2 protein chains.
Amino acid sequence: MTAMTLLPLSPRETARRRLLDALRREGPMARVEIGQHLGVSPASVSDLTASLLDEGILVAEETADPASGLIRGRPKTRLYFAETLGSVIGVWTGFNRIELRLVDSAGRNRASRHVERPLRSLGAEELMDVLAGTITAFAEETGARDVKAVGLACQGYVDTKDGIVAWSPVLGARDLPLASGLGDRLGKPVLIENDASAMAFAITQRNSDLRSGRTACLMVGDGVGLGFLIQGELYRGARFGGSEFGHVRLRRSGPQCRCGGRGCIEAYLADYALHRDAQLIDHRPAPTLLLPSEGAMGAIVAQARAGDPALLNLFQAAGEVLGDAVGILIQTLEPDHIVICGPGTRAMDLLRPSFEAALDSQTIPELRALAAIHVVESSMDLLTEGVVMQALRELDLDLARLKAA
Amino acid sequence: MTAMTLLPLSPRETARRRLLDALRREGPMARVEIGQHLGVSPASVSDLTASLLDEGILVAEETADPASGLIRGRPKTRLYFAETLGSVIGVWTGFNRIELRLVDSAGRNRASRHVERPLRSLGAEELMDVLAGTITAFAEETGARDVKAVGLACQGYVDTKDGIVAWSPVLGARDLPLASGLGDRLGKPVLIENDASAMAFAITQRNSDLRSGRTACLMVGDGVGLGFLIQGELYRGARFGGSEFGHVRLRRSGPQCRCGGRGCIEAYLADYALHRDAQLIDHRPAPTLLLPSEGAMGAIVAQARAGDPALLNLFQAAGEVLGDAVGILIQTLEPDHIVICGPGTRAMDLLRPSFEAALDSQTIPELRALAAIHVVESSMDLLTEGVVMQALRELDLDLARLKAA
DNA sequence: TTGTTTTATTCATAGATCGAAGAAATGACC
DNA sequence: GGTCATTTCTTCGATCTATGAATAAAACAA
């Protein structure tokens, strides 16, 4: 699945996308409501929905809206995605874990699962075999019928347009044509995306405030990533990748990072880093870079909350790095919104004092005041949600172009 | 002059702007050439140019293109800006210097000048009186007839849309309504812009490669600023300002910066910083934050090139900071082009070894390779060129809307 | 049955762009 | 000098998108 989103869209395609996006976010709507929601005339909505009904993408709901029982006038006929359109699978690949999600064409969750599986040591072909196998097994287990596309999110610099992983610390890959490799194995279109971008997309889809202006979503979890959106659309750098902000070096000789460098933001804040450093405090065996379980991370956080001074130091240092990172974002991009998200927010109470001190100490107060900072508690499955939404959008376009041809 | 550029433009206005921009960049062109240049049909060009000729913005050249003497067929009639449209003044305000430039409506330079004048100590009203006086005097000296607008660039966070300087280290201003204040005094529309953004705009207007994709222009001079462009249009943060990348803190307890903080990028790289630190080496009197003359800076560079070890250390540290700064830009924004520009490039030979070492040591090689780094030697007068171009663009829009009303 | 109200569609219009046909202005050639 | 070829520019009709206004549709209310 070449990400056609990134190529210029015709006015019709843009309008169509806006309509379908709104329906996925808001649920079934009548034509009038769609018009009001999008700021478009009823005539245009009628025209657009006529094509979409004709193509079988939308269907009119049989049952009337129960809430409208008391109002008189012609009842609304709400429109929604046809059940017969099939489903889409979203995947996230971490250092040693694969998360999977099955959704229908409306984006509603049907099943989700995760599998523990180290991926770093695998060669390119083996990696793609394992992923294809895992996805196929998931589809079979869940009885997924008619899977139309697969979306996959992973850490690293991902060329979403051409479907190539240019660089990834968790896959150990260089210029890996993952989309075509998986696509060939599965016989379906595959869209790939940077994981922080995927989560940022999911979060902004859920909050309309974050879709206007500029929103920087800093995801803290397995790694640290940045998803940056301008007017609700993901920012793309050279080769249409996202950002590798997590691998900005903040301290010249800091702890080891998965990328091979030292002192990266990620090397202080990511789960693997906190877990490793907590192990070192207890003089445990050689640290690994594996993604620790949520249970293990919860134990560390609980121990810190209980007052363990060494662990408190760890979180204090991490909070300081987080403050420095957000400070750089503010002074560089001056976003309207900064969202701190991902599993790492579980320890936000421990991070916050040093986070705010570091942030305030290095930003110009007038500029600091312009950015609203949101903390959104979100787990890894928001990643699969984000990438699945993107795959659905691409599918919408494919269907339109299929009809046109 | 409320910067209407930042409000959504109608399709007609967008087409009109693209046409006039192309004419200013390329010089007089025939309609066919414009069509080829912009990728637009001859019919559309005819339509647009008819309005522009009608409005008196463009005129057809009387003299035929001498190069086309040998070719047969109907000769081209080249179009260009009417001489009668008046002129525009561009201004840059530094810490203790004002640069001025007068251009005609085609953007051609007519006169330029600079004035030494400390501005930091002035109050808001006094500052605007001084600026208005300087601009009026410049207009009189140069015999500028019919000045239609003024563009002013300065350091700091500038709300270009509403014409307010939200924060500026050189003006000591907070939320200063500079555009309206100057506009009232001069009786003309005034556009204000961050200085690094203005220079970035001028540089990208001169090089078409830099107008596609994402271009980050790091200006090193009186201060350090970032102008970031996406597809040739300036990136705007919250409140429609640019970036204050120069005040990103790189070293936790580095040298004093004009912004009041310590260890900012600017505090190592700006002319005032290098000059101050060079003075300190020689145990000269208390350092000031004044902008040193080009002569003084040239002397320091010459002395370093001659092998002065203390000065070489200074430039080595500055180069390292430059490398760190560019590294952050690459990993955060992954631009297609990075331009290092401004008077600071005069010492690029001294900066380069430590610059490249620092850059390579902290960027992921695969990502580092995606960004082309350009060094553009450019003096302060490219700043006034940039802001004058922007004021001209606004004027184009004003004229169109005047006719429409 | 006849209105009233709200929803949805149809239709004519406006704006923008384009391809193709035609008009204009010149040199080439006999 | 007259005709033709060639290139530039304009005009005209067609297409596409979006809209307001008029119309049709589907209910409830009296």
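Chain A is the first sequence line, chain B the second, and so forth, proteins listed ahead of strands; every chain is numbered from 1. All values reported here derive from a predicted model rather than from experimental measurement.
Residue R12(B) places its CZ atom among more than 12 non-hydrogen atoms of other residues, nucleotides or ligands, all under 6.0 Å distant.
No donor-acceptor distance shorter than 3.5 angstrom exists from the side chain of S46(B) to the backbone of A43(B), with no hydrogens or angles considered. Proximity of a side-chain donor or acceptor of R108(A) to a complementary backbone N or O of V103(A) within less than 3.5 Å is not detected. Listed for the S105(A) side chain is no donor-acceptor partner under 3.5 Å among the backbone atoms of S87(A).
Protein atom CD of E61(B) is 18 Å distant from nucleotide atom P of dA25(C), rounded to whole Å. The CZ-C1' distance, from R12(A) to dT15(D), rounds to 13 Å in whole Å. For the pair E33(A) CD and dT6(C) P, the computed distance is 14 Å after rounding to whole Å. Rounded to a whole Å, the NZ atom of K76(B) is 8 Å from the P atom of dC9(D). For I34(B) and dT7(D), the CD1 to P distance is 20 Å, given to the nearest whole Å. Taking atom CG of L19(B) as the reference point, atom C1' of dT17(C) lies 15 Å away to the nearest angstrom. Rounded to whole Å, atom C1' of dT17(D) lies 14 Å from atom CZ of R18(A). What separates CG of D47(B) from C1' of dA14(C) is a distance of 14 Å, to the nearest Å.
For R72(A), the side-chain atoms get nearest to dT5(C) when compared with the rest of dA25(C), dC9(D), dT5(C). When each of dC28(D), dT10(C), dT10(D) is scored by its nearest atom to the side-chain atoms of R31(B), the top-ranked nucleotide is dT10(D).
Remark: R211(B) does not engage D209(B) in a salt bridge, criterion side-chain N to carboxylate O under 4.0 Å.
Mapping L53(A) and G73(A) onto DNA chain C by nearest heavy atom places G73(A) closer to the 5' end of the strand.
The side chain of S46(A) contributes no N or O atom lying less than 4.0 Å from OP1 or OP2 of dT10(C).
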message: What verdict does the side chain to side chain donor-acceptor pair (under 3.5 Å) test give for T77(B) and R31(B), after you've listed the backbone C-alpha separation in whole Å, the side-chain angles of each residue and the deciding distance to 0.1 Å?
response: CA-CA 8 Å; T77(B) 50; R31(B) 293 172 180 80; 3.2 Å; yes

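Among the protein residues, S10(B) comes within range of no part of the nucleic acid, since none of its heavy atoms lies under 4.0 Å from any strand.
If you check the side chains of S197(B) and R236(B), you find no donor sitting under 3.5 Å from an acceptor.
The stretch residues 36-45 of chain A touches DNA chain C through P42(A), A43(A), each having a heavy atom within less than 4.0 Å of the strand.
For dT26(C), the base has no donor-acceptor partner in the side chain of R74(B) [N/O atoms by modelled type, under 3.5 angstrom].
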